[in-house]
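A note on names: the letters A, B, ... follow the listed sequences, proteins ahead of strands, and every chain is numbered from 1.
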Number of protein chains: 2
Amino acid sequence: MGHIDLQGTHDYTGAMKKSLKIKSKDRCARFLREHGITPTAQRVDIGFAVLSGCEHLSAEDVFDSVNTGTGRPRVSKATVYNTLGLFVEKGLIREVIADPNKTFYDPNTAPHHHFYDADAGKLVDIDGADVKIVGLPPLPKGKEMAGVDVVVRLRDSA
Amino acid sequence: MGHIDLQGTHDYTGAMKKSLKIKSKDRCARFLREHGITPTAQRVDIGFAVLSGCEHLSAEDVFDSVNTGTGRPRVSKATVYNTLGLFVEKGLIREVIADPNKTFYDPNTAPHHHFYDADAGKLVDIDGADVKIVGLPPLPKGKEMAGVDVVVRLRDSA
DNA sequence: CTAACTGCAAACGTTTTGCAACTTT
DNA sequence: AAAGTTGCAAAACGTTTGCAGTTAG
């Protein structure tokens, strides 16, 4: 019965990305290229949608966001899903599994956790720096930790 | 920045259910009745599948489990899903959200957490009694905690 | 007998896939 | 031209729902 210091299990290069908000499409294109992703128009739009804010968007949200407004080139659902998957694979964003019905994508790749308000379908960040999980048993043999997700489920107080 | 003692947030009546393993169908029927559920043949089969072990089964697992073997009455998928939902609602089992592709059902309703081996698709219990989460921020106003899920994701160590 | 329960099939929402057309280099 | 990317439509999941028929109390 040791304890696990979440700070110790991750490097904090990710924490920098948190503040590195993408504020223009140009900047987004550069960011993609830096991560080995060819910045096509669709990818830039998707990247901008998911990386410019600090919200937690579902694929559906991204699809809507990218396809509302006037002059934009149309982005298909397939491309949204494929691209979000690519971004996760390349470490630009993170999947958050809090609701069985949909996956959220989180532009904050630093170690942190979430409040989840199931009624509203909204995730709220919990800064990971101060959170410690104490009393975890040792990991099963031959396994290492790939990540720790803490989801605090919320309901309206009575 | 307080800390949250998981022991303090739940009563431990649930912990008794953990040891209360259902070892026969008769016993299962009684158990269902005690929880206000009419014990039909299908519900008893489903209950037995999910309550007699300490495994974490998906709906698909339960469906297979209930429909393999020789003489059993057939149980439809709809009934499996509806019945598992009913069991959750009545507090006999708990949903575990660890994989975006399927929901697991956990016969252990005591507060506890999970290792998740995504490669194998297997959940392993972490006893909740000793685990504390330290450093969580205060809850958003007007909200109370409905539950805390900790999922430690595992991968094969290098 | 009545209310509750079940099965089927169809509908659903999310995510994935096959492939032809189109960019990009 | 070769390689990579996109869109569409269709399929593939897991899950839910409507309804006619069956079963429990």
Q | Passing option when A/I46 is tested against A/T83, A/T40, A/N82, A/L86 for side-chain contact (heavy atoms from CB on, under 4.5 Å) | A | A/T83
**Q.** Separation of atom CG in B/L84 from atom P in C/dT6, rounded to whole Å
**A.** 12 Å
Q. So how far is it from A/R43 CZ to A/I37 CD1, rounded to the nearest 0.5 Å?
A. 6.5 Å
Q.
Within the 3.5 Å criterion, strictly below it, is a donor on B/H113 or B/D149 matched to an acceptor on the partner's side chain?
A. no
Q) Under 4.0 Å: is that the gap between some side-chain N or O of B/R74 and OP1 or OP2 of C/dG7? A) no
Q) How close or far is atom C1' of C/dT16 from atom CZ of A/F63, stated in whole angstroms? A) 15 Å
Q: Quickly work out the B/F87 CZ to C/dC5 C1' distance and round it to whole Å.
A: 13 Å
Q: Starting from C1' on C/dT16, measure out to NZ on A/K77 and report it in whole angstrom.
A: 13 Å
Q. Think A/S76 has a side-chain N or O under 4.0 angstrom from the OP1 or OP2 of D/dT6?
A. no
Q: Give one of base, sugar-phosphate or nothing for A/T103, where a contact means two heavy atoms less than 4.0 Å apart.
A: sugar-phosphate
(Q) Pick the closest DNA chain C nucleotide for B/T79 and for B/N101 by heavy atoms, then say which residue is nearer the 5' end. (A) B/T79
Q | For B/Y81, the rest of its hydrophobic cluster, which grows through side-chain links under 4.5 angstrom | A | none
(Q) When you compare the side chains of B/H112 and B/D127, does any donor N or O come within less than 3.5 Å of an acceptor on the partner? (A) no
Q | Per B/R43 side chain, nearest of listed nucleotides C/dT6, D/dT15, C/dT15 | A | C/dT6
Q) Can you give one letter per nucleotide of nucleotides 17-25 of chain D, 5' to 3': B if a protein heavy atom sits under 4.0 Å from the base, S if only from the sugar-phosphate, - if neither? A) B------SS
(Q) Between P on C/dT14 and CD on A/E60, what's the gap in Å once rounded to a whole number? (A) 5 Å
**Q.** Spacing of B/L86 atom CG relative to C/dC5 atom P, expressed in whole Å
**A.** 8 Å
Q) Roughly, in whole Å, what's the span from CD1 in B/I97 to P in D/dG14? A) 17 Å
Q: Tell me whether the OP1 or OP2 atom of C/dG7 has a side-chain N or O from B/Q42 closer than 4.0 Å.
A: yes
Q. How would you list, by chain and number, every residue that makes a salt bridge (charged side-chain N to carboxylate O under 4.0 Å, His left out) with B/E144, sequence neighbours excluded?
A. A/R155
**Q.** Minimum side-chain heavy-atom gap A/V62-A/Y105 below 4.5 Å
**A.** no
Q: Could you state the atom-to-atom distance from CG of A/D99 to P of D/dG14 in whole Å?
A: 17 Å
